[in-house]
Amino acid sequence: MSPRPPSLMQGIATFVVIAASGVALASVRSAAPAAAVASESLRVVTANLAFRGPDAVRQDWQVIGPEADIVFVQEAKNVRLRDILGDGWAVRQDTSSDDRQGSAVVIRKSAVKSIDDLVLVKGTDASDCGTQGDGIMTRWIARVDVQLNNGRWIRAASLHMPPERCQNGPGSPYAVMADNVVAFAKRSDRMLVLGADWNKVVDDDPNDIGARTGLKPRGPDSGLRIDGFYIAPDMSNANLHHLAQTGSDHRPVQTTVGVPAP
């Protein structure tokens, strides 16, 4: 039998090498993860600071800071948070007036990829709520869009609903702000987490906010139950609980949300 021509032998050898390389590449690909990050977990905390000053809030942050990636702050008109928190925190707080300063969002920089600027949305106008000298300032929804490390953008918003004395039926400040929260949630184009002092038991769903928006109300099982979250239905949440008592008369509330990749 005569030997094969050199060109034919070289072609066969080349085919074998390419085929072997393809098998090796397929093996490498099958061993690689399907996605770099499928979902992201974030510890979120809502905290009413009770109108106390910088020294008191520094003490509070020793409890709050180690337990949080995003903090929803209320009653902060007496403290400029960016003046007392370290470089590891991105503070989104409008300090141009007392009413605008009250609600804020604070984000741990290392926990996220990108952080947008603060946007304030009107909740309800200032009112005396029928009690002379015991009214409320204008209330705002403090909104910040955050991109997580898995690429998903979410919307984090802190707010403080009016107190019981302002809950006296349609057209009252509480009802007006509830309607504005619902409108805000419905026009949001991103997954939404609201952290707030609701001034009603959170999972009693005040003014049907949960039913009207599809957000899930989540509040603690014991103690003062007016601080908590409304969470987008596509997010999971776990380990909802109070943190240790701070100097405020509200104990901070924490939960862990799971955010799917885009």
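No hydrogens, no waters, no symmetry mates; every other heavy atom, side chains included, goes into these values.
One hydrophobic cluster, built from ILVMFWY side chains closer than 4.5 Å, holds both V144 and M191. Both I115 and V193 belong to a single network of hydrophobic side chains, linked directly or stepwise wherever heavy atoms of I, L, V, M, F, W or Y lie under 4.5 Å apart.
A heavy-atom distance below 4.5 Å is not found between the side chains of V146 and S114. Here the side chains of V45 and V253 are not in contact, with every heavy-atom distance at 4.5 Å or above. With a 4.5 Å cut-off on side-chain heavy atoms, L49 and V73 count as touching. You'll find the side chain of Q254 stays beyond 4.5 Å of the side chain of L240, heavy atoms only. Side-chain contact check for W140 versus L159: every heavy-atom pair is 4.5 Å or farther apart. The side-chain heavy atoms of P173 and C129, taken from C-beta on, include a pair separated by under 4.5 Å. By the 4.5 Å heavy-atom criterion applied to side chains, K216 and N237 are counted as neighbours. Within the 4.5 Å cutoff, no side-chain heavy atoms of Q59 are placed close to those of T246.
Pairs passing the ring-ring contact (aromatic ring centres under 6.0 Å, His included) check and including a residue from residues 166-197, sequence neighbours excluded, do not occur. The salt bridge (Lys or Arg N to Asp or Glu O under 4.0 Å) analysis of residues 235-250, with sequence neighbours excluded, yields no pairs. For residues 70-81, the pairs satisfying side-chain hydrogen bond (donor to acceptor under 3.5 Å, both in side chains) are T46-Q74, Q74-S158, R80-D83, R80-T95, with sequence neighbours left out. Listed by first then second residue, pairs satisfying salt bridge (Lys or Arg N to Asp or Glu O under 4.0 Å) with a partner in residues 218-239 read D203-R225, not counting sequence neighbours. Within the structure, ring-ring contact (aromatic ring centres under 6.0 Å, His included) pairs that include any residue of residues 80-126 comprise W61-W89 (at least two apart or interchain). Residue pairs that meet the salt bridge (Lys or Arg N to Asp or Glu O under 4.0 Å) test with at least one member in residues 52-63, sequence neighbours left out, are R52-D60, D55-R58. Residue pairs that meet the ring-ring contact (aromatic ring centres under 6.0 Å, His included) test with at least one member in residues 193-214, sequence neighbours left out, are W198-Y230.
Of all heavy-atom pairs spanning V105 and A142, the tightest one is CG2-O, 3.6 Å. Minimum interatomic distance between T124 and V176 (heavy atoms only, all atoms of both residues): OG1-CG1, 3.8 Å. The two residues Q93 and A76 make their nearest non-hydrogen contact at NE2-O, 3.5 Å. The two residues D116 and R92 come nearest to each other via the heavy atoms O-NE, 2.9 Å. Here the shortest heavy-atom pairing between A157 and I141 reads CB-CG2, 3.9 Å. Pairing each heavy atom of P252 with each of I64, the nearest pair is CG-CG1, 3.9 Å.
The closest donor-acceptor contact from the side chain of R108 to the backbone of I70 lies at 3.5 Å or more, if one exists at all. The backbone N or O of N199 sits less than 3.5 Å from a side-chain atom of D197, completing a donor-acceptor pair. Side chain of K113 to main chain of R152: no donor-acceptor pair is present (N/O by atom type, distance under 3.5 Å, no hydrogens or angles). Looking only at distances, no side-chain donor or acceptor of T213 sits under 3.5 Å from a matching main-chain atom of A185. Not one N or O on the side chain of T256 forms a donor-acceptor pair closer than 3.5 Å with the backbone of L42. No donor-acceptor pair under 3.5 Å is formed between the side chain of Q167 and the backbone N or O of A175.
Residues satisfying the salt bridge (charged side-chain N to carboxylate O under 4.0 Å, His left out) test with R212, not counting sequence neighbours, are D179. The salt bridge (charged side-chain N to carboxylate O under 4.0 Å, His left out) check on D87 picks up nothing, with sequence neighbours excluded. Applying the salt bridge (charged side-chain N to carboxylate O under 4.0 Å, His left out) test to D94 and every residue at least two apart in sequence or in another chain returns R100. Take R143 and apply the salt bridge (charged side-chain N to carboxylate O under 4.0 Å, His left out) test, not counting sequence neighbours, and it matches D145.
Just one of L192, D205, V181 meets the side-chain contact (heavy atoms from CB on, under 4.5 Å) condition when paired with L215; it is L192. Screening N239, T255, D69 for a side chain to side chain donor-acceptor pair (under 3.5 Å) involving R43 leaves a single residue, D69.
Other cluster members for F51: none, since no ILVMFWY side-chain heavy atom sits under 4.5 Å from it.
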Subject >> Evaluation steps, side-chain contact (heavy atoms from CB on, under 4.5 Å), between L194 and I231 >> reply: CA-CA 6 Å; L194 304 177; I231 300 171; over 6 Å; no
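For the 3.5 Å distance criterion, the side chains of R155 and S188 qualify, holding a donor opposite an acceptor.
The local environment of CD in Q245 is crowded, with over 12 non-hydrogen atoms from other residues, nucleotides or ligands closer than 6.0 Å.
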